[in-house]
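Let me begin by presenting the structure, written as C-alpha cells, before commenting on it.
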Amino acid sequence: MIEIRGLTKRYGDRTAVDDLTVTIRSGRVTGFLGPNGAGKSTTMRVVVGLDRPTAGTVLVDGRRYADLPAPLRAVGALLEARSAHPGRTARDHLRLLAATAGLPRSRVDAVLDLAGLTAVADRRVGVFSLGMGQRLGVATALLGDPATVVLDEPVNGLDPDGVLWIRTLTRRLAAEGRTVLVSSHLMSEMAVTADHLVVLGRGRLVADAPTDDVLRQAGGSSVRVRSPRAVELVDLLAGEGVVLDSPERGLVEVRGLPAAEIGDRAARAGIALHELTPVSASLEEAFMDLTRDEREYRTDAPQEVLA
Amino acid sequence: MSTDTLHPRSARVAPAWRPAGGGVRGLLVGQWLALRSLRTTWWVLGGASVAMVLLGLLFTSTSESGGPGGRGGPPGLDLADPVALSLGGYNLAALATGVLGVLLVTGEYTSGAVRVTFAAVPQRWPVLLGRAAVLAAVALATTTAAAVAAFLVGQAALGDAGVSLADDGVARAVLGAGLYVTAIGLLGSALGWLLRSTGGAIGTLFGIVFLLPVLGGLLPSSWGPDVVRWLPGQAGSSVLQRVTTADEFAPWTGYAVLCGYLVLLFAAAVVTVRRRDA
C-alpha cells in the first residue's frame, strides 16, 4: 500500500504536484492517468525517494521509503526507459543490484527469464532497442520480488507482444496481492488493465475511483435511438435529469435513461424503433472531460496571457 | 514487561546495520561489479600502467643525452635522480586515473543508472564511499604494480647509475607513486559526484592538478611557494619524491594534506548528493 498525504513538490516556482492525497491499495492495478506535466512521474519519483517532497509525506507499507530495511525488496520501480549503464551487460546490471540488496543470484536469472531477456543477457545494454531496454527496466523493478510495483509508462516503445506481456504481468502481480501502480498516457490501455484510476491534472487530484465509475460519471454513457417518429419520442423521454440531442433527422442521443427504459416507453406508446444502442464513453472522452480545466497545455489561450 | 518483549524485532535488529538489505559486504560486492563490468575501467588502468612503465623506460634510457628533447629533459624531473626518472610517467597515470574516477560517477548520471542505485540505497552516502573504496583498491593495486615495474625497468636501463629499492627513501617513493595516482583518482570521483557533468568535472580536475601549479609559478617568489605547496597535486606528489626540497612538504605530511582535501571534498559530495533530487 502506498499512502500519499498532502504531497506537494515544487521545482523553483513551478508546482509539479499540488497537495496530493491518495492511497494506492494492494491487490489491484491502479492506473495513474493525466496529461503531460500533470505530476505523475514526479509523484512516482517521490515514492521511491529520488525526489524530496516540498511538503507532505509518502509511506510505503507504513514506512518512509528511506526507512525501509531493504528498499528493493519492498518497492520495485521502472521510472525511465533507459536506466542501465550502456557499457554494462543486462546480467551485470542486475547482478550488482542483487548484491547490493542482498538478493540471491537466482533472482537475476528469474527476472531475465520473466522479461524474455535470457538470450541477450550478456549483451551490452547500449545495443538494446527501446523495447528491450524497457523489458530490462521491468526486470529491474521485479528483481527484489517486491510487494509494491511502480511502473512509469511501461508500454512505451513496446511492440504488441510486449504490450500484451505488460498487461498480463500487471494483472498477475495484482492478483498475487501486490500493490501495482502503472502510469500511462494510453488511456485505452488503462481501460483494459486498471481496476482503479487515479487521475491527475496540473498536479492536483481529479479523480480517484474504480475505472468503471470514472467511465460512467465523466461523459457518462448514452443511448442512440433511431426512429421514424423521433419527434414524438423526444416528448416521451423528456424529463428531470434526461439530456436529449438530435444530431440528425430521425436520430436521438439520450443521456440519463437506460436503454431498457427507453425501449419500454416506446413500446407502450407504439413507436417503432429502428435502433437502440447503448454507447459507453471511451476512457479518452472521460479523461478529456475530467481534465478539461486542468490541462497544462491548452490550445485556447489562457485568460491571464490575454489580460 | 519490558519494551524489548513488546518489540522483539527492533531489539534484535539493533547492532548490525545492513544498508539496502545486502549490508556492507553486499554494497562492496555491488560496487566492485559496477566497476569491473565496465570496459573503461580496464582500458584506462591498463593504459595508465603501460604508459607509466614505457615513459619510465624512455626517461631513464635517454637520460645521458639530457632527456627527451635534448638538454633540460622532461619538465619537473630531476635528471640527477634515478628514482624520479623511472617514475616520470606518474603525471600521465594520475591524469588517466583521475578521468576514470570522474567517468565512473558521471557515466551513471548520464545513463540514469544512478537513480536505480539510489532507489536501492536511499541513504546514498554508502554508494559514494563504497565506490571510492573499490576504486581506491583497484587503482592502488594496478598503479603500485606499475610503479614497481617502471622502477625496476628504469633502474635496469640506467645500469650502474641505478639505485636499489633498499636505498634510503626509494621504497617510499615508489609506493608513493601508486598512492598519489590513486588519490587523484579519488579526487576525480569526488568531483564527479559534486558536479555530475563529465566535462565540468574533468575540467575542474585538470585545473586543480595541472593548471594551478603553473599559475602558482607566476606568483612572487617571496610567498608564492608557500601557496603552491598547499595545492593538492603539489602537496600529494611530495610522497613520491625521494628527497623533498625546502619549498615542499615532507613526503607523508604532503600526502596527508592531499588526503585532507579528499575528506573535505567527499564530505561536501555526501551532503550535496543527499540534499539534491536524483
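Residue numbering restarts at 1 for every chain, and letters A, B, ... go by the order of the sequence lines. For clarity, every value in this text was computed on a predicted model and none was experimentally measured.
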Least distance between heavy atoms, [X] atom then [Y] atom:
X	Y	value
B:Arg274	A:Arg52	O-NH2, 3.1 Å
B:Ala113	A:His85	CB-N, 3.8 Å
A:Tyr65	B:Ala119	OH-O, 2.5 Å
B:Ala120	A:Pro71	O-CG, 3.6 Å

With a 4.5 angstrom heavy-atom cut-off, is it the side chain or the backbone of [X] that approaches chain B, or both, or neither?
X	value
A:Leu97	side chain
A:Ala84	backbone
A:Asp51	both
A:Ser83	both

Just verifying a value: how many Å separate B:Gln123 CD and A:Asp67 CG, rounded to the nearest 0.5 Å? 8.5 Å
Anything in residues 32-46 of chain B with a heavy-atom distance to chain A below 4.5 Å? Please list those residues in order. B:Leu33, B:Ala34, B:Arg36, B:Ser37, B:Leu38, B:Arg39
Other residues, nucleotides, ligands: >12 heavy atoms within 6.0 Å of B:Arg276 CZ: yes
I'd like to know if A:Arg45 pairs up with B:Asp277 as an ion pair, taking the criterion as any Lys NZ or Arg NE/NH1/NH2 lying under 4.0 Å from an Asp or Glu carboxylate oxygen. no
Only residue of A:Leu79, A:Thr140, A:Leu143 satisfying side-chain contact (heavy atoms from CB on, under 4.5 Å) with B:Val116 is A:Thr140
